[in-house]
Amino acid sequence: MSQLLGPRAGAVQSTNDSSALSKSSLAARGYVQDAFVALLVPGTARRAPLIHRGYYVRARAVRHCVHAFLRRARAYPEAPRSQILSLGAGSDSLYFCLKTDGLLARAAVWEVDFPDVARRKAERIAETPELCALTGPFQRGSPASVLCFESLDYHILGLDLRQLQELDEALASVGLDVTTPTLLLAEAVLTYLEPVSAASLIAWAARRFPDALFVVYEQMKPQDAFGQFMLQHFQQLNSPLHGLDSFPDVEAQRCRFLQAGWTACSAMDMNEFYHCFLPAEERWRIENLEPFDEFEEWHLKCAHYFVLAASRGDTLSQTLVFPPAEVFPRVDPASPSGVFHARIVTNDNQGSTLKTFGHASVLLSSGIILSAGGFGEQERRHCRVKKFHLLSRNSDSEWKGFHIDSWGTGTQWDGRLYHTMTRLSDTQVLVLGGRLSPVNPALSPLQIHLFKNEDNSTESLNVTVTRAGPGNFTLSCWRHSTTEVSYKNQKYLFVYGGRSVLEPVLSDWHFLHVGTMASVKIPVEGEAPEARHSHSACSWQGGALIAGGLGASEEPLNSVLFLRPISCGFLWESIDIQPPITPRYSHTAHVLNGKLLLVGGIWIHSSLVPGVTVVNLTTGLSSEYQIDTTCVPRPLMLHNHTSILLPEEQQLLLLGGGGNCFSFGTYFNPHTVTLDLSSLSVGQ
């Protein structure tokens, strides 16, 4: 959308150019069939898979609404031809796609955008034979005219959407009939207008078009960490988003349109649209087009954008743009039972901070925490992290962080992500699995050794890395879990789930003997759990508690399972929890005083922000605790993080976290944060 005059016009126009290149890349990779977007947009750009998915679901949502409108219009053959009015159309190729599909036999398209954008598009069409062949005979407007391009069924106008009287007169002069069934389309348009101008536009459309459908796609949810980062991104581009505080969610947007004169309105976020209005086979196709491993940011992006369809009039008021063919379950947690207060433990003045995600952390002793791997900020650049991070507590109970390199000429740390680390002793850590890229697993198990120099200080610790286990043992998965369990008085590591290059989600498991690192077979009875990755796992009563995760259909799970030790091996049991927990993944988990704590994560079935879910493992009762981040100055994204439980202090340390936030940039939690768990008494 490029509808602002004045100093911000160029900045907002640049969002159109960037969006157009993303759509061109989308088509080039086979997500959508669109041979025209590349003809309308000079230049090429190869976007990341996350960008492709985001623009794909946007394109499918718009297509879904447009086709619903045209189907409804075709149901009334005696009615005049239908009209599509695209507001802030930019370089969109909608007209050409509809014309090729034969959907404009009884319909026409009008587009309105900033004059420079409209003229540039008209020039591009006029000089491209493939596009002219579809428009048929056309004429160009004079440089002073608002009409930039006109054919029998296609009109491009250069206008400011804030000048409604001028817009009204110009549309009438080029043949738009306000009494005819009309689809008004605004893709990422209203948020770039000042709230008063956006409200006037919505009300004008309701007043002027008695038989119309208004389709909107734009941002929402500005209050949470992802939303704050999204707002900051557009502010830095000098194209701030407006009105999100007044209309922060789909319900507020529905009320906005109903109060402006529209008689019916439905809206949903893009997670709901993707899972309810795209066939399973189409989702499978999209999910397998190219390697992908940014599920958290994909779901967060979809949670912060919505599609809305408002209607009025006899013909279109019954148009079922979003028929309730499938109900997307909303699982909003019960009212919070309490609050855990967060505060900063370390900042840049207290040593090197841990700005990374996809890493692993382990408590070596009561005062030393080792973190390794992930993707982060290192020496002012973003990369796979090759240095180790130590968080050390001094005699004054203050934490200080610092980075150290691996020592020696042997095996080097490879900067893997989504691996697990298990403490073997105060100076030894086992590393299993992980990946170097979505097509390159980190196969070799590694062992990290820590030793001190002569001065015996924590700051002088050295780290060496060696290959662990038998020479032929490899593990090709990531986003899995590794949990210590007991069988016949022997300690084993239970490696479960995850994903691999060949399998998007795994259901298998392995037992590794802690002493020899040999893989052993131990009988497991009971019904095997659903395949999953990005779940949590923690030791309890000699077995393993598995919670949540992302399933085969890329939907979060809410099951909590216990791998219970029995005389002949282990038994899978499902724990009944009431009320059921909200499905989630990319969280962390701990057991404290007989309670399972699920910390943060991603969920798509609730409009709330995940805090800490507490499950009483004796009664099965669950309760929710919010996280008060008042004392944390920057947004706190609780996914792709790690957490360390300090049971004696009744504290939980949150380390790292964040992600590649769609096209908004990469965000790293800048501080190590502690949660005060003292309100979680033993008796609760």
Side-chain angles (χ1 to χ4, degrees), residues 360-365 370 372-373 410-411 413-414 416 418-435 441-451 463-500 503 506-526 528-529 531-533 535-547 549 561-573 589-591 642 645:
S361 302
V362 63
L363 179 65
L364 294 176
S365 64
L370 173 70
T411 302
W413 179 251
D414 52 17
R416 61 185 68 187
Y418 300 116
H419 50 290
T420 63
M421 298 205 312
T422 304
R423 176 187 178 277
L424 301 178
S425 70
D426 284 353
T427 59
Q428 297 183 71
V429 175
L430 177 68
V431 181
L432 293 177
R435 67 161 176 85
L443 297 174
S444 300
L446 301 175
Q447 192 161 317
I448 299 173
H449 306 261
L450 291 89
F451 57 94
V463 177
T464 61
V465 180
T466 60
R467 197 190 189 286
N472 61 349
F473 175 71
T474 61
L475 194 66
S476 60
C477 63
W478 64 91
R479 291 181 176 265
H480 56 292
S481 62
T482 302
T483 317
E484 185 176 292
V485 298
S486 299
Y487 174 61
K488 293 185 176 179
N489 296 320
Q490 295 285 312
K491 292 183 179 180
Y492 295 88
L493 298 181
F494 177 67
V495 183
Y496 170 70
R499 64 191 314 259
S500 68
E503 297 293 336
L506 299 170
S507 60
D508 54 356
W509 57 78
H510 310 274
F511 289 96
L512 302 180
H513 189 272
V514 171
T516 63
M517 287 299 113
S519 180
V520 298
K521 292 187 178 298
I522 299 177
V524 177
E525 300 179 3
R532 68 193 67 207
H533 66 76
H535 51 282
S536 67
C538 47
S539 301
W540 185 55
Q541 296 184 351
L545 284 167
I546 308 294
L561 304 136
F562 182 39
L563 184 74
R564 182 167 65 86
I566 57 177
S567 59
C568 60
F570 292 91
L571 172 67
W572 281 115
E573 290 182 340
H590 305 273
V591 174
T642 57
L645 179 66

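Worth saying up front: this structure is predicted, and the values here are computed from it rather than measured. Each residue takes its place number in the sequence, starting with 1.
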So CZ of R564 and CD of Q541: to nearest 0.5 Å the spacing works out to 9.5 Å
Value rounded to 0.5 Å, distance of CH2 in W478 from CG in L506
9.0 Å
About how many Å separate OH of Y496 and OG1 of T482, when rounded to the nearest 0.5 Å?
13.0 Å
For the student: nearest non-hydrogen atoms of C477 and G497, plus distance
SG-O, 4.2 Å
Contacts of D508 that satisfy side chain to side chain donor-acceptor pair (under 3.5 Å) - sequence neighbours left out
none
Please name all residues satisfying side chain to side chain contact (heavy atoms under 4.5 Å, CB included) with A589, sequence neighbours left out, ordered by chain then number.
S536, C538, L596, L598
Can you name the residues that form a ring pair (Phe, Tyr, Trp, His ring centres under 6.0 Å) with H419, not counting sequence neighbours?
W413
Sorted by chain and residue number, the side chain to side chain donor-acceptor pair (under 3.5 Å) partners of Q490 (sequence neighbours excluded) come out as H513
Give me the atom names and distance for the closest heavy-atom approach of L446 to R467.
CD2-CA, 4.3 Å
So how far is it from H449 NE2 to T464 OG1, rounded to the nearest 0.5 Å?
5.0 Å
Partner set under side chain to side chain donor-acceptor pair (under 3.5 Å) for E503, not counting sequence neighbours
none
Would you call the rings of W509 and F494 parallel, tilted or perpendicular, taking 30° and 60° as the class edges?
tilted
What pair of heavy atoms forms the shortest contact from T483 to A544, and how long is it?
CG2-CB, 3.9 Å
I need the C568 SG to I522 CD1 distance, nearest 0.5 Å.
11.0 Å
V463 to I448 - nearest heavy-atom pair and separation
CG1-CG2, 3.5 Å
Residues which pass side chain to side chain contact (heavy atoms under 4.5 Å, CB included) with D426, listed by chain and number, not counting sequence neighbours
S365, R423
Run the salt bridge (Lys or Arg N to Asp or Glu O under 4.0 Å) test against R532 and tell me which residues pass, sequence neighbours left out.
none
Under the rule for ring pair (Phe, Tyr, Trp, His ring centres under 6.0 Å), what residues qualify as partners of F570, not counting sequence neighbours?
F511
Search all heavy atoms of P445 against all heavy atoms of T474 and return the closest pair with its distance.
CD-CA, 4.4 Å
Who pairs with E484 by side chain to side chain contact (heavy atoms under 4.5 Å, CB included), at least two apart in sequence or on another chain?
K491, L493, S539
For T642, all residues meeting side chain to side chain donor-acceptor pair (under 3.5 Å), sequence neighbours excluded:
H359, S361
Mind checking the OH-OG1 spacing from Y492 to T516? Nearest 0.5 Å is all I need.
8.0 Å
Begin with the C-alpha distance, continue with both residues' side-chain angles, and end with the deciding distance and a verdict on side chain to side chain contact (heavy atoms under 4.5 Å, CB included) for I546 and L563.
CA-CA 8 Å; I546 308 294; L563 184 74; 5.8 Å; no
Side chain to side chain contact (heavy atoms under 4.5 Å, CB included) evaluation trace for V495 with L512
CA-CA 8 Å; V495 183; L512 302 180; 4.3 Å; yes
My understanding is that only residues two or more places apart in sequence, or in another chain, count here; which of them pass side chain to side chain contact (heavy atoms under 4.5 Å, CB included) with T427?
S425
Those residues that, when tested against E525, pass salt bridge (Lys or Arg N to Asp or Glu O under 4.0 Å) (two or more places apart):
none
